[in-house]
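Heads up, the thing below is written out as structure tokens.
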Amino acid sequence: MTGETGQPRSLEAEATRRHIRRNWLLSLPAILLLLVGASGPLLIVLVYSFLKPGDFSGVIWEPSFNAWFQILFSRDIFDDTVGLADAHLTIFWRSVRLSLSTTLITLVLGLPTAYFIATRSGRERMFWLFLITIPFWTNLLIRTFAILEMLRNEGIVNNSLRGLGLIEEPIQILYTDTAVLIGMAYVYLPLMVLPLYAAIERLDFRLVEAGYDLYANRLQVFRKVILPIIKPGIVAGSILVFVPSLGAYVTPRVLGGGKNMMIGNFIELQFGQGRNWPLGSSLSILLLLIVMAALLLYVRASSREEPHG
């Protein structure tokens, strides 16, 4: 009996091993592509961040932590004293501030928009979703230049204000943080609307009616009923907006000019005119770590919501 039952079990185990090996072989091209195309460049950037910069570009293959030191600190060229890198900190603060402001603006604009779309009938809902996704059909650079044409001194905004007699001279909006904020809010608004729409669409509006039946006002119903249910959509939309906003390059470059840089522009500067590849590499790794931290916060927030679902 033992031999008879042992043989089928061994055959089954061998079949399972063959199945696992076949699956690994089938996925091997994708694994190699990920290693070479994704992990490979990241590994190169990580190694460069611990090397010395070359005289005119590139790196010198000597280990150094100076690039990581330069992120927050600088040395005086005369007496070699150490101080804070004020220019770097200003760029970091501007990047975080504009990214958080963009996330907040898109949330304020996206929540009522998503609620409006989710409460429409089926065919009308598809039409509004179609309008929301239209900007994705156009290149980001073209959309950014469209915003530039609206905000320039002779653009639609200033001409409209002068036509209404509200101003006499054009308002300088372009090449300011305000212009960058407007551009990023416009570019990333659909990324906030779509997760919010998906969350609101699953909302059981009978719960809202029950809240009103229990004499709750609109604000109480929103805070106690609607907001907890759509919180995963808010968190997902905020991450989808904050992460690309933090590393934005095109919008700050076009609308902010050379003096309103963000982290993405600062990294490009180090690999270009700055010719400090290790500093650019360390900044890139730092940005990657910030993005990973934001994604981890999203995962934790989502996992807390699962038991209630």
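Remember, predicted model here, so these are calculated numbers, not experimental data.
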Rounding to 0.5 Å, atoms CZ (Phe266) and CG (Leu283) come to a distance of 5.5 Å
Tyr212 side chain reached by Asn217 side chain, heavy atoms, under 4.5 Å | no
Can the ring centres of Phe50 and Trp61 be said to be less than 6.0 Å apart?
-> no
Exercise: identify the closest heavy-atom pair between Arg162 and Pro170 | NH1-CD, 4.0 Å
Who are the salt bridge (charged side-chain N to carboxylate O under 4.0 Å, His left out) partners of Glu124, not counting sequence neighbours?
-> none
Are Ile182 and Leu104 connected in a single hydrophobic cluster, I mean Ile/Leu/Val/Met/Phe/Trp/Tyr linked by side-chain heavy atoms less than 4.5 Å apart?
-> no
Would you please say whether a donor-acceptor pair under 3.5 Å links the side chains of Asn153 and Glu169?
-> no
Do you know which two heavy atoms are closest between Thr119 and Tyr115, and how far apart they sit?
-> OG1-O, 2.9 Å
Take atom CZ of Arg125 as the centre, draw a 6.0 Å sphere, and report whether it contains more than 12 heavy atoms from other residues, nucleotides or ligands.
-> yes
Got more than 12 heavy atoms from elsewhere within 6.0 Å of CE, Met126?
-> yes
Residue pair Arg21, Glu14: steps toward the salt bridge (charged side-chain N to carboxylate O under 4.0 Å, His left out) verdict = CA-CA 11 Å; Arg21 285 197 297 268; Glu14 181 63 26; 3.7 Å; yes
Can you find a pair of side-chain heavy atoms, one from Ile229 and one from Leu207, that are under 4.5 Å apart?
-> yes
Specify the closest pair of heavy atoms between Leu181 and Leu98, including all atoms of both residues, with the distance to one decimal.
-> CD1-O, 3.9 Å
For Trp128, does the CH2 atom have more than 12 heavy-atom neighbours from other residues, nucleotides or ligands under 6.0 Å away?
-> no
Let me see the working for Phe205 and Val208 under side chain to side chain contact (heavy atoms under 4.5 Å, CB included), right down to the final yes or no.
-> CA-CA 5 Å; Phe205 284 93; Val208 178; 4.2 Å; yes
Going through the distances and angles, do Trp68 and Ile285 end up as a side chain to side chain contact (heavy atoms under 4.5 Å, CB included)?
-> CA-CA 10 Å; Trp68 290 95; Ile285 297 298; 3.6 Å; yes
Is the CZ atom of Arg253 crowded by more than 12 outside heavy atoms at less than 6.0 Å?
-> no
Does Phe271 CZ have over 12 foreign heavy atoms under 6.0 Å away?
-> yes
Expected output: side-chain His88 to main-chain Leu72 donor-acceptor under 3.5 Å | no
Side-chain touch Met262/Met184, heavy atoms, less than 4.5 angstrom = yes
Go through Phe136 and Leu191 one step at a time and tell me if the side chain to side chain contact (heavy atoms under 4.5 Å, CB included) criterion holds.
-> CA-CA 10 Å; Phe136 289 115; Leu191 298 180; 3.7 Å; yes
Joint hydrophobic cluster, Leu131 plus Tyr188, side-chain heavy atoms closer than 4.5 Å | yes
Joint cluster assignment, Leu89 & Leu289, ILVMFWY side-chain distance < 4.5 Å = yes
Would you find more than 12 non-hydrogen atoms of other residues, nucleotides or ligands less than 6.0 Å from Arg218 atom CZ?
-> no
Under 4.5 Å between any side-chain heavy atoms of Leu129 and Phe127, yes or no?
-> no
Ser245 and Thr102: which non-hydrogen atoms are nearest, and at how many Å?
-> OG-CG2, 3.7 Å
Indicate the atoms forming the closest heavy-atom contact of Val180 with Thr251, along with that distance.
-> O-CG2, 4.0 Å
Could you walk me through whether Arg75 and Thr81 pass the side chain to side chain contact (heavy atoms under 4.5 Å, CB included) test, one step at a time?
-> CA-CA 5 Å; Arg75 295 184 184 273; Thr81 56; over 6 Å; no
Is it true that Val108 and Phe222 fall in one hydrophobic cluster, defined by side-chain heavy atoms closer than 4.5 Å?
-> no
For the residue pair Thr106 and Ala185, what are the closest heavy atoms and their distance?
-> CG2-O, 3.7 Å
Above 12 or not: heavy atoms from other molecules or residues under 6.0 Å from CE of Met150?
-> no
Separation of Ile239 CD1 from Met192 CE (nearest 0.5 Å) | 9.5 Å
Donor-acceptor contact below 3.5 Å, side chain Asn276 vs main chain Gln270 | no
Please answer whether the main-chain N or O of Leu246 pairs with a side-chain N or O of Ser95 as donor and acceptor at a distance below 3.5 Å.
-> no
Asn158 side chain to Arg152 main-chain N or O, any donor-acceptor pair under 3.5 Å?
-> yes
What about the rings of Phe73 and Phe69, do their centers lie closer together than 6.0 Å?
-> yes
CZ (Arg120) with more than 12 external heavy atoms under 6.0 Å = yes
Treat each ILVMFWY residue as a node, draw an edge where side-chain heavy atoms are under 4.5 Å apart, and state whether Ile117 and Tyr186 are in one component.
-> yes
Pair Trp277, Ser57: side-chain N/O donor-acceptor within cut-off below 3.5 Å = no
Give, for atom CG of Leu196 and atom OG of Ser238, the distance between the pair rounded to the nearest 0.5 Å.
-> 7.5 Å
Is there side-chain contact between Tyr197 and Leu111, with heavy atoms separated by less than 4.5 Å?
-> no
Straight-line distance of Leu255 CG to Asp177 CG, nearest 0.5 Å | 11.5 Å
Under a 4.5 Å cut-off applied to non-hydrogen side-chain atoms, are Pro278 and Ser49 in contact?
-> no
Rounded to the nearest 0.5 Å, the CD1 atom of Ile267 sits from the OH atom of Tyr249 at a distance of 11.5 Å
Gap between atom CG of Leu151 and atom CD1 of Ile171 - 0.5 Å precision = 11.0 Å
Got Lys231 and Leu227 here, is their nearest side-chain heavy-atom distance under 4.5 Å?
-> no
Can you check salt bridge (charged side-chain N to carboxylate O under 4.0 Å, His left out) on Asp55 and Arg275, steps first, answer last?
-> CA-CA 8 Å; Asp55 294 331; Arg275 298 177 180 178; over 6 Å; no
Do the side chains of Val187 and Arg143 get nearer than 4.5 Å, heavy atoms only?
-> yes
